[in-house]
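All chains are named by letter (A, B, ...) in the order of the sequence lines, taking the proteins before the strands, and each is independently numbered beginning at 1.
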Number of protein chains: 2
Amino acid sequence: MSSERNDQPTAEQEQFTLRMRSLGTRTVLYQQYVASSLGLYNNDYLSIDILHEKGPITAGELSKLTGLATGSVTALIDRLEKNGFVRRQTDPKDRRKVIIVPQYEDKEEVSETYDPLHAKMVELAASYTAEELKLITEFLGKASDVIEEQIYSLSAAPKSKSLPK
Amino acid sequence: MSSERNDQPTAEQEQFTLRMRSLGTRTVLYQQYVASSLGLYNNDYLSIDILHEKGPITAGELSKLTGLATGSVTALIDRLEKNGFVRRQTDPKDRRKVIIVPQYEDKEEVSETYDPLHAKMVELAASYTAEELKLITEFLGKASDVIEEQIYSLSAAPKSKSLPK
DNA sequence: TACATATATCTCGATTACCAAGATATTAGT
DNA sequence: ACTAATATCTTGGTAATCGAGATATATGTA
């Protein structure tokens, strides 16, 4: 075969990783801009996004997912609750737990802010054939999985420096 | 033709946008973890990433790109400079300007932290045929462009609420 | 040339997210 | 009952960020 294992990455593969990285940078920036235009702090909006994907979760789970200290999550939930983005609900099975329930019905601003991107993405999707879109969608899932793995290994890892110098 | 313009998105297209959003959430989280494991604040690492992509830019450009106030950028550059990630260089053509020059030679920690993800991404890329990878890489470019457009329209837009309450 | 205006960065004071550690409430195990 | 484990909240301190003004340089106009 023409390609061996553990070769240096090809030029095409490097081009691909570069594009992934660019996409990542823009994604982070976009997220920050959306958060600020909603009057939310980054982690507040990120948490809304996480809740959107995962559905109701406990405060502790959100702490693990975001990497924030539990005290920070308490304050974060306070803010989101005050603005009507979520509500607290105690778990009847374990009354120590606080379940965070997203409240999207009354909060169309979030979807409204996201809508233009969504529309553009649908448009982009429509420019591909069914087969191509399937390939891309599956790829996105795999890429997500790779990143999630990396998050796990980073959060498990030495954790090295703590921030305040 | 079988598909009309302005239809509702198909199930496949919705699936696609959902995956994009998941990827975005994970990307933001990953970025935060990397930043913290490098002992950097999010915007500091984000700025390094921007500099990595764009090369040397002025403080003002970084302010626009990150959405941070100019005063915040001053402090941010101070931190990065102190840690040797960048250096300041005055523009001989316009001595008001401060050009931020990335210093990667001595700072392998950054690439080291990024390497595992890079390796996994190369691996993922290698699982595709040349044609498929080309399709995906081109897609990534288009998706980046879409997000960049959205950032522009958000930063141009009302800007609505400012954060402190 | 002199002067006003625009632009780029920096400085300063105030606000507030965040962390770390301890406090409180509930559950689980013996 | 009693101890330990778990989940969230509270408190105090630190520092990133903002906003507004200060400083330095550049540009335009008479």
Distance check needed: [N] [atom2] versus [X] [atom1], whole Å only.
X: Gln32(B); N: dA17(C); atom1: CD; atom2: P; result: 15 Å
X: Leu46(A); N: dC18(C); atom1: CG; atom2: C1'; result: 15 Å
X: Tyr33(B); N: dC18(C); atom1: OH; atom2: P; result: 14 Å
X: Leu62(A); N: dC18(C); atom1: CG; atom2: P; result: 11 Å
X: Asp78(B); N: dC12(C); atom1: CG; atom2: P; result: 12 Å
X: Lys82(B); N: dA16(D); atom1: NZ; atom2: C1'; result: 13 Å
X: Asn42(A); N: dA16(D); atom1: CG; atom2: P; result: 15 Å
X: Leu68(A); N: dC9(D); atom1: CG; atom2: P; result: 14 Å

Legend entry - Residue met sooner reading DNA chain C from 5', once Ile77(B) and Asp91(A) are mapped to nucleotides: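 Of the two residues, Ile77(B) wins.
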Inset, instruction - With DNA chain C as reference, determine whether Asp44(A) or Pro92(A) sits nearer its 5' end, using the nearest nucleotide of each. - result: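 The residue mapped nearer the 5' terminus is Asp44(A).
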Taking the side chain as C-beta and beyond, is there a heavy-atom pair between [X] and [Y] under 4.5 Å?
X: Lys120(B); Y: Gln150(A); result: yes
X: Phe16(A); Y: Tyr128(B); result: no
X: Ser144(B); Y: Glu148(B); result: no
X: Leu40(B); Y: Val34(B); result: no

Inset, instruction - For each nucleotide in nucleotides 4-9 of chain C, reading 5' to 3', give B when a protein heavy atom comes within less than 4.0 Å of its base, S when such contact involves only the sugar-phosphate, and - otherwise. - result: --BBSB
Using OP1 and OP2 only, check whether a side-chain N or O of [X] sits under 4.0 Å from [N].
X: Ser72(B); N: dA16(D); value: no
X: Arg95(A); N: dT6(D); value: no
X: Asn43(A); N: dA17(C); value: no

Legend entry - Shortest non-hydrogen contact between Thr17(A) and Tyr114(B), atoms and distance: O-OH, 4.1 Å
Inset, instruction - With heavy atoms under 4.0 Å as the rule, sort Leu76(B) into base, sugar-phosphate or nothing. - result: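 If one applies the 4.0 Å heavy-atom cut-off, Leu76(B) turns out to touch nothing in the nucleic acid.
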Inset, instruction - Could you tell me whether the side chains of Asn43(B) and Thr66(B) share a donor-acceptor contact shorter than 3.5 Å? - result: no
Legend entry - Side chains of His118(A) and Glu14(B), donor plus acceptor under 3.5 Å: yes
